[in-house]
Amino acid sequence: MKTLTTYNGLEIPAVGLGTWEIPPETAASAVETAIESGYRHIDGAMIYLNEQWVGEGIEKAIGRGLAGRDDLWVTSKLWNDSHRAEHVRPAIEKTLSDLRLDYLDLYLIHWPVVHQHGVIRPESGDQFVSLEEVPLWETWQAMEEICAAGLCRSIGVSNCSARKIDGILENAKVKPVVNQVESHPYHQQKTLKDYCDRNGILMTAYSPLGSGGRPQRLLKNDEPSLFENEVLKELAAARGCTTAQIMIAWAVCRGSLTIPKSSNPQRQRENLEAMNIDLADDELGKIADLERGYRFIDGTFWEMEGGPYTVANLWDE
Ligand code: NAP
């Protein structure tokens, strides 16, 4: 099992199972089959609304002796309505209870976006709260406290620009171990990856296959398909592997963690096995040339009239 090591010495399996959009009725078996196939890293979040079933899958796998709790790396994420310091501990406690776990390996601030408490999906601009009112560093201090209290082994961020991480670091006792962001050949995040490398923060590549299974309301008509990219297809054909495996291998070869989602046991195995493909420099070079700055998860859903968030201030572009 390939792993990456955090700046404070924790080892994270390089390829994990994403669980967004795995419906409750299949989440337990999807997680169980993944652990059976060798996955030791599960990526979840409260907002995926399936943590109870993800927890059931983990419990069943542990019960069958497929893995011990300490062999697994389990990540979850703080939702946007719980950024105020007093809401952080209840939020992780709810996640732990749903997952049937005593501790998480990693807890992330899911988005640098704040909602009013109890507003899961805002429908109007006034249901957001600005980062001036509830700054990320304040949320971060509460994250440090739950980590010190043993509710999680490490803490990190997601969807954060270098500037936002710098803001957190100014007031932090501990650094984020991870920044989880969208990354694939069409949006490689080279500058952010370099920043993370310089600061000893690991980057986790989410939506490494282009997030084709995300909800209809987030799909665009004219979006490009990574699976249809000729260069990726040719690289796969030349190696006798799949296009998905090339994308996953690319993420791992450049030193990222990555968390492809699949509910299908065969594709889960295929994705995990991609970790063992060592791409050569010329192959990596061809993939580097595919960059087109294209986000599948573009953040436009946080832009609402009268609200504090825009795509520009979200990504700090
Ligand atoms: P993804 O992993 O890029 O793509 C998942 C889609 O690809 C599903 O439709 C899946 O279908 C299909 N797929 C998986 N393996 C395949 C293969 N080998 N061949 C062909 N198709 C394959 O998308 P994602 O779910 O957006 O991203 C992965 C994970 O990242 C999420 O599940 C979540 O854990 C995390 N994430 C985090 C954030 C954040 O804000 N932090 C945002 C987005 C995602 P099947 O299930 O049918 O195989």
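Keep in mind that the numbers below use all heavy atoms, side chains included, and drop hydrogens, waters and symmetry copies. Atoms within a ligand are numbered from 1 in the order they appear, just like the ligands themselves. Computed from a predicted model, the values in this text were never measured in an experiment.
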Please tabulate, one pair per line, all N/O donor-acceptor pairs under 3.5 Å involving side-chain atoms of residues 15-22, not counting sequence neighbours.
| unit_1 | atom_1 | unit_2 | atom_2 | d |
| --- | --- | --- | --- | --- |
| Thr19 | OG1 | Asp43 | O | 2.7 |

Polar-atom distance check: [X] versus ligand 1, any N or O pair below 3.5 Å?
X: Asn264; result: no
X: Leu209; result: yes
X: Gly213; result: yes
X: Lys77; result: no

Nearest-0.5 Å distance that lies between atom [atom1] in [X] and atom [atom2] in [Y]:
X: Thr75; Y: Leu104; atom1: OG1; atom2: CG; value: 8.0 Å
X: Ser82; Y: Arg89; atom1: OG; atom2: CZ; value: 14.5 Å
X: Leu106; Y: Arg153; atom1: CG; atom2: CZ; value: 10.0 Å
X: Ile259; Y: Gln180; atom1: CD1; atom2: CD; value: 3.5 Å
X: Ile248; Y: Ile277; atom1: CD1; atom2: CD1; value: 8.5 Å
X: Gln188; Y: Arg292; atom1: CD; atom2: CZ; value: 11.0 Å

May I ask you to identify the nearest protein heavy atom to [atom], giving residue, atom name and distance to one decimal place in Å?
atom: atom 14 (C) of ligand 1; result: Lys261 O, 3.1 Å
atom: atom 15 (N) of ligand 1; result: Asn271 ND2, 3.0 Å
atom: atom 34 (O) of ligand 1; result: Asp43 OD2, 2.7 Å
atom: atom 16 (C) of ligand 1; result: Arg267 CD, 3.5 Å
atom: atom 32 (O) of ligand 1; result: Trp20 N, 3.0 Å
atom: atom 23 (O) of ligand 1; result: Ser211 CA, 3.2 Å
atom: atom 40 (O) of ligand 1; result: Asn159 ND2, 2.9 Å
atom: atom 44 (C) of ligand 1; result: Tyr206 CD1, 3.6 Å

ring-ring contact (aromatic ring centres under 6.0 Å, His included) test vs Trp79 passes for just one of His117, His87, His115, namely His115

Quick one: which ligand 1 atoms are inside 4.0 Å of a heavy atom on [X]?
X: Pro260; answer: 2 (O)
X: Gln180; answer: 35 (C), 36 (N), 37 (C), 38 (C), 39 (C), 41 (N)
X: Tyr48; answer: 33 (C), 34 (O), 35 (C), 36 (N), 37 (C), 38 (C)
X: His110; answer: 39 (C), 40 (O), 41 (N)
X: Ile259; answer: 28 (C), 29 (C), 30 (O), 35 (C)
X: Pro208; answer: 2 (O), 3 (O)
X: Ala244; answer: 17 (C), 18 (N), 19 (N)
X: Trp111; answer: 40 (O)

Shared hydrophobic cluster, Leu219 / Val311 (ILVMFWY, side-chain heavy atoms < 4.5 Å):
no

Tell me whether Leu49 is reachable from Leu101 by hopping between hydrophobic residues (I, L, V, M, F, W, Y) whose side-chain heavy atoms are closer than 4.5 Å.
no

Looking at Tyr103, does the NZ or CZ of Arg69 lie under 6.0 angstrom from its six-membered ring centre and within 45 degrees of the ring axis?
yes

Does the separation of the ring centres of Trp111 and Phe301 fall below 6.0 angstrom?
yes

Short version for Ser158: what comes under 4.0 Å of ligand 1, heavy atoms counted, is side chain

State if [X] counts as touching ligand 1 under the rule of any non-hydrogen atom under 4.0 Å.
X: Glu270; answer: yes
X: Thr242; answer: no
X: Phe296; answer: no

Residues Asp194, Arg198; criterion salt bridge (Lys or Arg N to Asp or Glu O under 4.0 Å); working and verdict
CA-CA 6 Å; Asp194 289 346; Arg198 280 198 307 279; 5.5 Å; no

Over 60° means perpendicular and under 30° means parallel, so tell me whether His184 and His187 are parallel, tilted or perpendicular.
tilted

